[in-house]
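Report on the structure given below.
Hydrogens, waters and symmetry mates are skipped; everything else that's a heavy atom, side chains included, is used. Worth saying up front: this structure is predicted, and the values here are computed from it rather than measured.
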Amino acid sequence: MNYFSLASHKKHRGHPPAGPSNAYQNLEKTSVLQETRTFNETPVNPRKCIHILTKILYLINQGEQLVAREATDCFFAMTKLFQSKDVVLRRMVYLGIKELSSIAEDVIIVTSSLTKDMTGKEDLYRAAAIRALCSITDNTMLQAVERYMKQCIVDKNAAVSCAALVSSLRLANTAGDVVKRWANEAQEALNSDNIMVQYHALGLLYHIRKSDRLAVSKLVNKLTRGSLKSPYAVCMLIRIACKLIEEEDIPSEELSDSPLFTFIESCLRHKSEMVIYEAAHAIVNLKNTNPRMLSPAFSILQLFCSSPKATLRFAAVRTLNKVAMTHPAAVTTCNLDLEGLITDSNRSVATLAITTLLKTGAESSVERLMKQISTFVAEISDEFKVVVVQAICALCTKYPRKHTVLMNFLSGMLREEGGLEYKTSIVDTIITIIEENADAKESGLSHLCEFIEDCEHVSLAVRILHLLGKEGPFAATPSKYIRFIYNRVILESPIVRAAAVTAMAQFGASCPALLSNILVLLGRCQMDPDDEVRDRATYYLSILNSERPELYKNYIIERENCSLALLEKSLVEHLNGDLDTRFDISIVPKAAIVKPVIANDVMLVTSSAPRPPKITREEESAARLAQLPGIQVLGPIHRSTAPIQLTESETEYTVQCIKHIFGQHVVFQFDCLNTLSDQILENVRVELTLPDGFTTRAVIPCPKLPYNDLQTTFVIVEFPPDAANSIATFGATLRFVVKDCDPNTGEPESAEGYDDEYMLEDLELTVADQIQKTRKNNFQVSWDAADSEEWLQAEDTFVLSAVTTLQDAVNTIVKILGLGAANLSENVPEGTHLHTLLCSGTFRGGAEILVRAKLALSEGVTLNLTVRSTDQDVAELITAAIG
C-alpha cells in the first residue's frame, strides 16, 4: 500500500469512503515545485523522485501553466536524475523533458545524454529517449543526430523503430528537407514483419512523397500488388488509394476497371474485420460510383449491423448514417436491420440507427419513428440528442408537410433539461424550419416564445428576440408577440433587455397599427437602470417619432450588415492616425451574414472543442489586401469570389484566382504553386489580355516561388465607365524567370536564369461577381417603396429553352445573377406551373437591385423579368445577363 492509500485509510478509519478518490486532487503548483529540490540529493531516491515527477506531469496535463523561469528551474533539476540507473525513473524523466521542452529555456543541454541513451544497449531507454530528443531538437541540431535516427528507423527492436518513425513524422512538419533524406530507411522498415512498424513506415513514406503525385502512384501500385501483413497499413493504403481516385476524378464507367478501385474492392474479402470495414467505408464515400459497385460494400455494412461486436455495429451504422442522404436507395435496403438496432443495449448505436431511419424513412413512417425516439431520448447524452435533432432537421426539409409533428416533438425537447449546445441545436432547427417553410412560421414562433419565458441561456434568448423582431411583424397577428417581448424587458438581464428593445422597435417600424403602443413601451424603457437599454430606447424613440419611413427602413428594418471584424480594424487604424478627420463608416465592407455549416458527422458532434466563428470571404481577404501599396484609394471591398482553378491539378505549375471586387476596380489575386523540386521561379506575375474599356493600374509580382510553397501575385484592373461593358473574358499568361536548383537544398545552381511562360485558362468576369447578395425581411415592402422617381425599371420576357422545370429555372437565374432570394421564393412548390422568384442585391458602387421573376411552365419555361434599380445601366445589365 502506498503512502496516499495509507493516509486515506487513516483519515476514513471507521468511515469508508463513498467512492474512489484522486490522490493528486488538491495539489498546489508552488509546493510541488519546491519538492523538486529533492532531485539534487545524493544518492537519488528513485521512488520519491518518481512520485514528484508524477505530480508535475499531473499538474501540466490538468492545464496548470508554468512560466518560463519555473519550467527552466524544474527542467535543470530534472537533469540531475540522469545519474540514477532506475529504469522507471529514467522513463519518467523522458516524459518530463517532452512536456517541459516547449516552455523551458536551454533544453538542448540534455542532447548528449539523450543521444547516449538512444544509441545504448538498454532497449527500455531507447524508444523514450528518441521521442524526448526529437521534441527538443531544432533544424540546426537535427543533422547532428541524423545518422542515429536512420539507424533507429531500421532497428530490429520494434518499439525503437516505431518511436523513430513517429518522431520522424512529427519532425517532417518543421524539418521536411532533412526527413526526406530518410526515405530509403523508411522503405526498408516497410518490409518489417512487425505490424506497427510497417504501418508507421508507410505513414512516413507517404508524408515524404505526398507532394509528388507520380511517386505516390508508384508507391501505391507497388504495395497493392504485394501483400502487406499489417491491417493498419492496409487501411492507410486504402485511404491513399481513395485520395488518388478522387484527384483523378475517374468517371463511373471507367472506375470499375481502375486497378486502385479493384484493390479496394478486393479488401472486402480481407481476413481482418478492420480492413473489410475500411474498404466498405471507402467505397460508399467515393464519388462517381454506380449501384453495382456499391452493392458489395452495403452488403458488408448490413452484415456488420447484426454483428455481436458493439464496435462493428457502431462503425456500420455510423457509416450508413453518414451516406444516408447521398445513397438513400442503397441505405433503405438496410432498414430492417436498422430497425432491429433501435432497441440495442448500446445507446450510441440505437441513436445512430434511429437517425438513419429518419433520413431514409417514408413520409408515412414519421409519426411511428417519433414515438420510438421518445421512448429512449431521455436516456442518452446531450451529444447524441444533438444528432437526433440534426436528423429531425433533415427530415423536416425532406417532408415539409410533417412540420407540425416534428415541431411539437422539438418543443417537448426544449422543455427538458439540457446544456447550451443541445438547446442551441433545437433552436437552430426550429429557426431553419421557419425560414424554409412558410406554413411552419406561426407555430415555430409560438414555441420559441414559450421557450424564452423560462430560458436560462442569454445567447439563445437574444437570438430568439432577434428572430421575433425580424419575422413577428409580418405574421398574421403580430400583436400577440409583444407581451412575450416586453416580459423580457421586465424580467431579464441587461443584454436580453437590450435585445427586447430592438425587437419592439422593429414591430413599431413595420406595423403602423401598433406604433402608438410601442412608443409607450419604449418610453418606459428609458427609465431602465442599464445604460445600453436606455440608449437603445431613446435612439429608437427618436426615429419612430420622426414619422419618416425612409429612416425606419435604413436604421430599424433593414440595418446593413457591417463586418464587425473589419469595423474594429478600421476604428483602430483611425485612432492611430489623424484624429482631425472624421471617421467614414462607408469604407467598411458590408458583409453578408454567413450561416455556420452543420457537419453531418457524428464524431464532430461529440467533440467538445469550441468551433471558430465562420467569417466571410471579405473578412478573410482584408488582411492580405491591406498589405498592397495604395489599396486604400480603391475604397471598401464590395465582395470576394470563391477561388477558381486556372490550371489542371497535376500540372507543373498550379494557379488559382480570387476576384476582389471594389467600386470601380477589380483586384485579381493569383495563388501560384511550383510543383517542380529542381526549379525555383522568380519575378512571377500574370499578364492579362484586357478587353476594350479595361485598364491595368498595377501588377504586383511575386519575387520568389520556391518548390511546394504557395505564393501570390496581384493584378489591379479598372472597370470601364459603362456597366454594360463590365462582363468580359480575359486571356491569362503566367510569366516568370526559371533558375535550376538543388532539389535537396532548394538553393539555385547559378545566379542567372531564363525567361519562360505558361498559358493559363481564360478568366471570366460575370454579373454575379459584381453583386453582393442581400436578403430582404419583407420584399413586398421594399418593392412597393421602389416604385418612385429615384428607382428605374427594366422589363423583358424570355423563353428559357435550356431548362425543363421551374426549380431548374429558379436555380439558373439565382446562379447567373448572384442575387439573394427573399420570402423562400427560391423553393418551388411541387406540382405548380406558376411561380414568382423575388431576389435582391447590391451592385458594386452601391446601386441597389430588386428583381421579380414570374415563371410559367407549359411546353418550356417562360420568364417575365422585372428589374428595379437605382441605376438604369445596372437594371439593363441584369436583363441582358439573362438574355
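- When all heavy atoms of L169 and G203 are compared, the pair lying nearest together is CD1-O, 3.8 Å.
- Atom OH of Y148 has 12 or fewer heavy atoms from other residues, nucleotides or ligands within 6.0 Å.
- Atom CD of E417 has 12 or fewer heavy atoms from other residues, nucleotides or ligands within 6.0 Å.
- More than 12 heavy-atom neighbours from other residues, nucleotides or ligands sit within 6.0 angstrom of CD on Q83.
- Under the 4.5 Å side-chain criterion, counting only non-hydrogen atoms from C-beta, I136 is in contact with L114.
- Heavy-atom neighbours of K243 NZ from other residues, nucleotides or ligands within 6.0 Å: at or below the threshold of 12.
- The backbone N or O of V572 sits less than 3.5 Å from a side-chain atom of N576, completing a donor-acceptor pair.
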Could you go through the salt bridge (charged side-chain N to carboxylate O under 4.0 Å, His left out) check for R463 and D428 one step at a time?
CA-CA 10 Å; R463 281 192 62 196; D428 284 341; 2.5 Å; yes
Show, in sequence, the C-alpha distance, side-chain angles and deciding distance for E146 and V178, and conclude whether the side-chain contact (heavy atoms from CB on, under 4.5 Å) test is met.
CA-CA 8 Å; E146 183 178 3; V178 177; 4.1 Å; yes
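- Under the 30°/60° scheme for interplanar angles, the aromatic rings of Y125 and Y94 are found to stand perpendicular.
- The distance from atom NE2 of H51 to atom CD of E35, rounded to the nearest 0.5 Å, is 7.5 Å.
- When side chains are defined from C-beta on, D86 counts as touching I50, because their heavy atoms get closer than 4.5 Å.
- At least one donor-acceptor pair under 3.5 Å links the side chain of T713 to the backbone N or O of I700.
- The two residues C162 and H200 make their nearest non-hydrogen contact at SG-CD2, 3.5 Å.
- With contacts defined as side-chain heavy-atom distances shorter than 4.5 Å, the pair N674/N708 does not qualify.
- A 6.0 Å sphere centred on CD1 of I495 holds no more than 12 heavy atoms belonging to other residues, nucleotides or ligands.
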Checking S493 against V458 for the side-chain contact (heavy atoms from CB on, under 4.5 Å) test, could you report, in this order, the C-alpha distance in whole Å, the side-chain angles of both residues, the deciding distance, and whether it holds?
CA-CA 8 Å; S493 63; V458 172; 4.0 Å; yes
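- The minimum heavy-atom distance linking F39 with A77 is given by the pair CB-O, 3.3 Å.
- At least one side-chain heavy atom of M92 sits under 4.5 Å from a side-chain heavy atom of L57.
- The backbone N or O of L89 lies less than 3.5 Å from no partner atom in the side chain of R91, so there is not a single donor-acceptor pair.
- Interatomic distance, SG of C657 versus CZ of F670, reported as 4.5 Å (0.5 Å rounding).
- With respect to E41 and K80, no salt bridge is recorded, no charged nitrogen being found less than 4.0 Å from a carboxylate O.
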Full working for salt bridge (charged side-chain N to carboxylate O under 4.0 Å, His left out) between K29 and E70:
CA-CA 10 Å; K29 181 178 73 171; E70 292 171 336; 3.2 Å; yes
Can F583 and L571 be said to form a side-chain contact (heavy atoms from CB on, under 4.5 Å), step by step?
CA-CA 8 Å; F583 178 73; L571 287 170; 3.7 Å; yes
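- Using a cutoff of 4.0 Å between basic side-chain nitrogens and carboxylate oxygens, E278 and R239 are scored as salt-bridged.
- Looking at heavy atoms from C-beta onward, L27 lies out of side-chain contact with E64 at the 4.5 angstrom threshold.
- L66 contributes atom CG, which lies 10.5 Å from atom CD of E99 (distance to the nearest 0.5 angstrom).
- Heavy-atom minimum distance, L202 versus L237: CD2-N, 4.1 Å.
- Using a 4.5 Å cut-off on side-chain heavy atoms (C-beta onward), I56 and C74 make contact.
- Residues I240 and V216 come closest through the heavy atom pair CG2-CG1, 3.9 Å.
- The shortest distance between side-chain heavy atoms of F736 and E682 does not fall below 4.5 Å.
- Cation-pi check for K385 over Y422 is met; the charged atom lies under 6.0 angstrom from the ring centroid and within 45 degrees of its normal.
- Residues R90 and F82 have side chains in contact (heavy-atom distance under 4.5 Å, counting atoms from C-beta outward).
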Salt bridge (charged side-chain N to carboxylate O under 4.0 Å, His left out) between D155 and R126, intermediate numbers included
CA-CA 11 Å; D155 197 274; R126 295 174 65 199; 2.5 Å; yes
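- With rounding to the nearest 0.5 angstrom, the CG atom of L681 is 5.0 Å from the OH atom of Y653.
- In this structure, the side chain of S84 does not engage the main chain of L81 through any donor-acceptor pair within 3.5 Å.
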After noting the C-alpha distance and the side-chain angles of I680 and D740, does the key distance pass the side-chain contact (heavy atoms from CB on, under 4.5 Å) rule?
CA-CA 6 Å; I680 187 168; D740 295 328; over 6 Å; no
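- One finds the CE atom of M118 at 12.0 Å from the CZ atom of R131 (value rounded to the nearest 0.5 Å).
- D530 and E532 make their closest contact through OD2-N, 3.1 Å (heavy atoms, listed as atom of the first residue, atom of the second, distance).
- Within the 3.5 Å criterion, the main-chain N or O of S230 finds a donor-acceptor partner in the side chain of Q198.
- The structure places CE of M149 at 7.5 Å from CG of L133, a figure rounded to the nearest 0.5 Å.
- Counting non-hydrogen atoms of neighbouring residues, nucleotides and ligands closer than 6.0 angstrom, the OH atom of Y199 reaches no more than 12 such neighbours.
- Judged by distance alone, the side chains of D671 and T712 do bring a donor and an acceptor atom under 3.5 Å apart.
- For K739, the NZ atom counts as densely surrounded, since its 6.0 Å shell holds more than 12 non-hydrogen atoms of other residues, nucleotides or ligands.
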